[in-house]
Structures are given as C-alpha cells and as structure tokens.
There are 2 protein chains.
Amino acid sequence: MKKDLNITPLNTLSLVDKVEMRINEYIKNNNLEVGDAIPKELQFAEALGVSRTVIREALSRLRTIGIIETKKHKGMVLSHPDFIQNFEKVIDSNLLEDETLKDIFELRLILEMGMVDILFARKTDEDLKELEEIVNRMESNNSESTVFKLENEVAFHGKLYEMSGNKTLQRFQNLLLPVFQYVHEHKLPNAEPFKYSKKFTTHRELLNFLKDDNIKAFRKGLSNHLEPHLNRVLEKAKS
Amino acid sequence: MKKDLNITPLNTLSLVDKVEMRINEYIKNNNLEVGDAIPKELQFAEALGVSRTVIREALSRLRTIGIIETKKHKGMVLSHPDFIQNFEKVIDSNLLEDETLKDIFELRLILEMGMVDILFARKTDEDLKELEEIVNRMESNNSESTVFKLENEVAFHGKLYEMSGNKTLQRFQNLLLPVFQYVHEHKLPNAEPFKYSKKFTTHRELLNFLKDDNIKAFRKGLSNHLEPHLNRVLEKAKS
DNA sequence: ATTTGTTATTATGTATAACATAATACAAAT
DNA sequence: ATTTGTATTATGTTATACATAATAACAAAT
C-alpha cells in the first residue's frame with residue numbers, strides 16, 4: 001500500500017564521493033600526466049578539510065580503476081589505467097545480468113565478424129604459418145576428446161584475434177571467451193545438433209582463404225562458420 | 001651496476017589485497033546471489049582478525065567495481081555489476097595510452113562492421129522510420145555548420161547501434177565515441193580530404209539498403225562509408 | 001484505527017591518534 | 001669507494017569514539 005509521491009529523493013553524496021570528485025578535478029585542472037606525482041594523503045586531508053580516512057577511501061577508488069598507483073611508503077603517481085583489467089573482476093564475479101551475458105555473447109560474434117578487414121590488412125606469412133600448425137593439430141587430433149577439441153578451437157580463433165594486431169581487442173576477446181562458453185552451454189536454447197543451411201566451412205578452408213588473400217570468401221566462410229551461434233541469438237530475437 | 005641475484009622477490013600483498021580476495025571467496029563459496037545480504041563490517045573484521053578500516057577499504061573496492069551496493073546505515077547486498085560503468089571513469093581520466101586509444105578507434109570500426117548481420121535480423125519498420133527522419137534532417141540541414149553535421153552523424157550511427165537491440169553494445173559504443181572523435185582529430189595522420197576509391201556511399205543510400213533488406217549492398221556500402229577511417233589505421237599499420 | 005512521537009538498537013560514515021614499516025637520503029664508518 | 005647506520009617521510013594498519021540514518025517496537029494522540 002505504498003503511496004507514490006512522485007518526488008525525487010535528494011541524493012546525499014557521501015564525503016568520500018565528493019572528495020573523489022575533487023581529486024579528479026585536481027588532476028584535470030593541473031594538467032597532470034602519467035608519471036606525475038600527486039600530493040600526499042595528509043596534504044589532501046588538510047587542503048580539503050577532511051580526515052585522512054576519507055582521503056584514503058577516495059584514493060582507494062582511483063587506485064581500483066587504475067588511474068593512480070601507489071609506491072608503498074613513498075607516494076602516489078598517475079598511471080595508465082588498464083582498459084580491460086576491471087572487466088576481469090566483474091566477469092569473474094558471476095553476478096552479471098542474464099541479458100548482459102547474452103549481449104556479451106553477441107558481442108563476441110560481432111567482434112569476430114567485424115575484424116575481417118583489419119585482419120586481412122595485417123596478416124603476415126608468419127601468422128599464417130602458425131595458424132596452419134594449429135589447423136594441422138586440429139585435423140590430426142581425431143581422438144575426439146571434447147576437451148582437446150575445444151582447446152584447439154580456442155587456439156584457432158584466438159590466433160585470429162592476435163593477427164588483428166589490436167592488443168585491446170585481443171584482451172577483450174580473451175575476457176569475453178569464458179562468458180561465451182558459459183552462455184553457450186547454459187543460457188541458450190537447442191544447444192547442439194545444428195543443421196547448416198549449406199556446407200559447413202572448416203578451419204582449413206578459412207585458413208586457405210586467408211592464404212589466398214580471398215577476403216570475400218573468408219567473410220562468407222566465417223559467417224557460415226559462426227552461423228549456428230548467430231542463429232541461436234537471432235532465434236531468440238524472433239520469439 | 002645492479003647485481004642480479006636471480007631470486008624472486010616475495011610479493012607483499014597488502015592486508016587489504018588479501019581481505020579483498022577472502023571476501024570474494026566468501027561470496028563464491030556461499031553461492032550468494034544478487035540481492036543477498038553480506039555480513040556487516042564488524043563481523044568481517046572479527047572473523048578475519050583485522051581492523052574495520054581494512055575491511056572497509058576492501059569493501060570499497062568491491063563497491064567501486066559494482067558487485068556490492070551499500071544501503072546507508074543498513075547493510076550491504078550483492079548487486080549486478082555494470083559491465084560498462086567502470087569504463088566511463090577510465091576514459092574520462094584522459095590517461096589511457098596512445099596505443100590503447102588507437103585500439104579503441106579501431107574497435108569502434110570493428111563493432112560497426114560486425115553488427116550488420118544482427119542489425120538486419122532485428123531492424124523494425126519503426127526503426128527505419130526514425131532513421132529516415134534523421135537522414136531527412138541531415139539533408140535538409142545544409143547550413144554547413146560542422147557542429148550540426150557531427151550531431152547528425154552521431155545520431156545516424158547511434159541509431160544503428162540502437163537497432164541492433166544489444167544494449168551493452170549500444171552503451172559500449174557510446175563510450176567509445178568520444179575516444180573515436182579525439183583520436184580522429186588529434187592522433188591520426190593526414191586528417192581530412194580523403195580520396196574515395198569509388199563513389200562515396202551516403203547515409204541515404206545506407207538507409208535504402210536497409211529498407212530493401214539488401215544486406216550485401218549495405219555491408220559494402222558501410223565498408224565504403226567507413227573507408228577513410230579504416231584506411232587511416234591501416235596506413236599506419238604499413239609504416 | 002491510523003497516524004504520530006519516542007526510544008533503543010544497529011550499521012555505516014567520519015574523525016582522531018597512534019604505531020608499524022618500507023623507501024629515501026645522507027651521514028658515519030671501514 | 002663501498003657499506004652500514006640513522007633520521008625522515010609516507011603509506012599501511014589498528015583502535016577508539018562519535019555522528020547519523022534506518023529500523024523496529026511501542027506509547028500517545030487524534
């Protein structure tokens with residue numbers, strides 16, 4: 001029997017919240033760059049008129065997202081935040097929403113389809129040689145061990161990301177992979193046997209398209225290769 | 001004249017580091033789910049034999065990455081971490097490495113090229129109507145104001161992401177956009193006049209491909225549309 | 001009977017003081 | 001000249017105390 005007063009509650013920012021903002025401003029306003037030192041905890045505390053406790057918690061937040069680094073017992077300096085690092089903990093927590101998990105599943109497909117141009121622009125002969133070795137292993141390894149199969153699958157696609165030359169993309173995909181596997185196994189309908197509309201494009205064929213510098217065929221082949229996954233998320237869309 | 005003793009330094013994890021891990025373990029081992037309450041600060045402090053200060057800093061980290069939420073003066077509960085949220089602060093800090101910035105620039109192109117399949121699977125007539133309105137505005141707005149042009153450009157491509165139906169992708173792209181603009185303007189060589197190898201594909205044409213359900217033409221057109229950007233990152237690759 | 005006021009309890013927010021420990025610079029010793 | 005000792009400094013950690021908001025239980029008022 002709650003009455004909806006339709007009035008927005010006033011947001012009481014905590015001291016730490018405010019201090020965090022102030023320190024961020026301080027860094028920006030002083031045009032500080034990576035490597036530059038920032039004032040000591042006590043200096044901040046005195047300047048802002050709050051206790052060291054509050055300062056420490058605000059600094060702790062900045063440290064958590066990676067924009068400052070503390071040299072123990074020495075001081076703090078600005079540092080390059082790691083774009084990817086925080087994802088790891090988030091993903092590792094197993095607390096993401098189901099919808100987000102599915103979004104991530106799609107994201108991985110999107111990335112792989114979208115990197116084709118860059119992949120072809122940057123692939124080297126050395127890359128292709130390595131990739132061929134992976135494919136060879138996949139074919140020789142007919143032991144049907146599901147674990148090995150998956151391992152090789154990951155190696156193949158992982159190599160593609162590596163070949164893109166985009167480290168952030170590569171790390172991002174590495175992070176997405178476990179989510180992909182998880183959603184694949186637990187969150188999507190009608191898991192296995194999938195009927196391909198056409199012939200299934202093998203890893204060997206994909207490799208050959210790369211070697212022949214045939215981007216069109218590769219794109220089509222990759223699309224075909226990923227079709228079962230893609231279809232599952234698209235089926236969902238229709239229902 | 002450093003002597004290399006060939007002995008690995010012992011990693012001195014701070015108490016907070018350890019406590020953070022312990023609390024993470026606690027959550028996992030007890031199979032706690034979103035919405036579940038976690039013990040009070042004092043209970044943690046007592047159980048782990050450390051001061052409340054340390055507990056608070058560890059909890060602060062978990063709060064920063066979004067896996068717990070504290071109801072002031074009441075207690076803490078597990079919450080869905082926001083996959084994107086942490087990026088905002090990182091990007092806003094202006095402290096990312098140049099290489100990461102360029103990676104992100106590419107990432108945005110990759111996303112846009114890669115989402116075509118999903119885009120076509122999910123687009124609705126309503127979407128197309130909205131998109132058409134945007135294109136109409138773009139064409140009528142011949143005031144040549146760079147600001148307006150950019151605004152419309154953003155609206156058009158933003159709408160494409162919205163049409164993908166993938167909220168995470170959409171938010172991700174929104175985050176990437178300012179980086180994209182920044183790199184576009186400050187970090188890449190030979191900025192403007194770009195000679196298209198073929199005829200430039202306009203927004204109107206892209207819209208029509210969508211309406212005609214012509215995915216092939218759209219893909220090609222989008223590739224052409226993004227060519228100047230793509231070429232710039234690929235030029236870089238060769239040098 | 002419902003609302004309002006009172007009170008006690010609890011948990012987080014904040015402040016303060018103190019000590020531990022590692023990094024650094026510099027003096028002292030050999 | 002290199003090593004060793006020492007003072008200083010800044011962060012890491014603990015302990016204690018109080019402020020404040022949420023909650024519940026119950027009394028008082030209409």
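The figures here come from the full heavy-atom set of this structure, side chains too, leaving out hydrogens, waters and symmetry mates. Protein chains get the first letters and strands the later ones, always in sequence-line order, with residue 1 at the start of each.
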Thinking salt bridges, do [X] and [Y] make one under a 4.0 Å N-O criterion?
X       : Y       : value
K102(A) : E106(A) : no
E41(B)  : R56(B)  : yes
R122(B) : D127(B) : no
R63(B)  : E69(B)  : no

Starting the side chain at C-beta, find the nucleotide from [options] nearest to [X].
X      : options                   : value
V54(B) : dA11(C), dT16(C), dT13(D) : dT13(D)
T53(A) : dT11(D), dT16(C), dT12(C) : dT16(C)
L15(B) : dA23(C), dT13(D), dT12(C) : dT13(D)
V16(B) : dT13(D), dT12(C), dA15(C) : dT13(D)

Check the distance between [N]'s [atom2] and [X]'s [atom1] and give it to me in whole angstrom.
X      : N       : atom1 : atom2 : answer
K40(A) : dT24(C) : NZ    : P     : 11 Å
L59(A) : dG12(D) : CG    : P     : 10 Å
L42(B) : dT14(D) : CG    : P     : 14 Å
Q43(A) : dA10(D) : CD    : P     : 7 Å
I55(B) : dA15(D) : CD1   : C1'   : 14 Å
E46(A) : dA15(C) : CD    : P     : 14 Å
K71(B) : dT20(D) : NZ    : P     : 23 Å
I38(A) : dA10(D) : CD1   : P     : 13 Å

Query raised in the report: Between D17(B) (side chain) and S14(B) (backbone), is there a donor-acceptor pair under 3.5 Å?
Result: yes

Under 4.0 Å from OP1 or OP2 of [N]: is there any side-chain N or O of [X] that close?
X      : N       : result
S14(A) : dT20(D) : no
R52(A) : dA15(C) : no
K74(A) : dT24(C) : yes
S51(B) : dT16(D) : no

Do the side chains of E126(B) and K129(B) get nearer than 4.5 Å, heavy atoms only? no

If each end axis of the helix from dA1(C)-dT30(D) to dT30(C)-dA1(D) is fitted on five C1' pair positions, the angle between them, to 10 degrees, is 10°

Correct closest heavy-atom pair for L128(A) and K123(A) would be CD2-CD, 4.4 Å

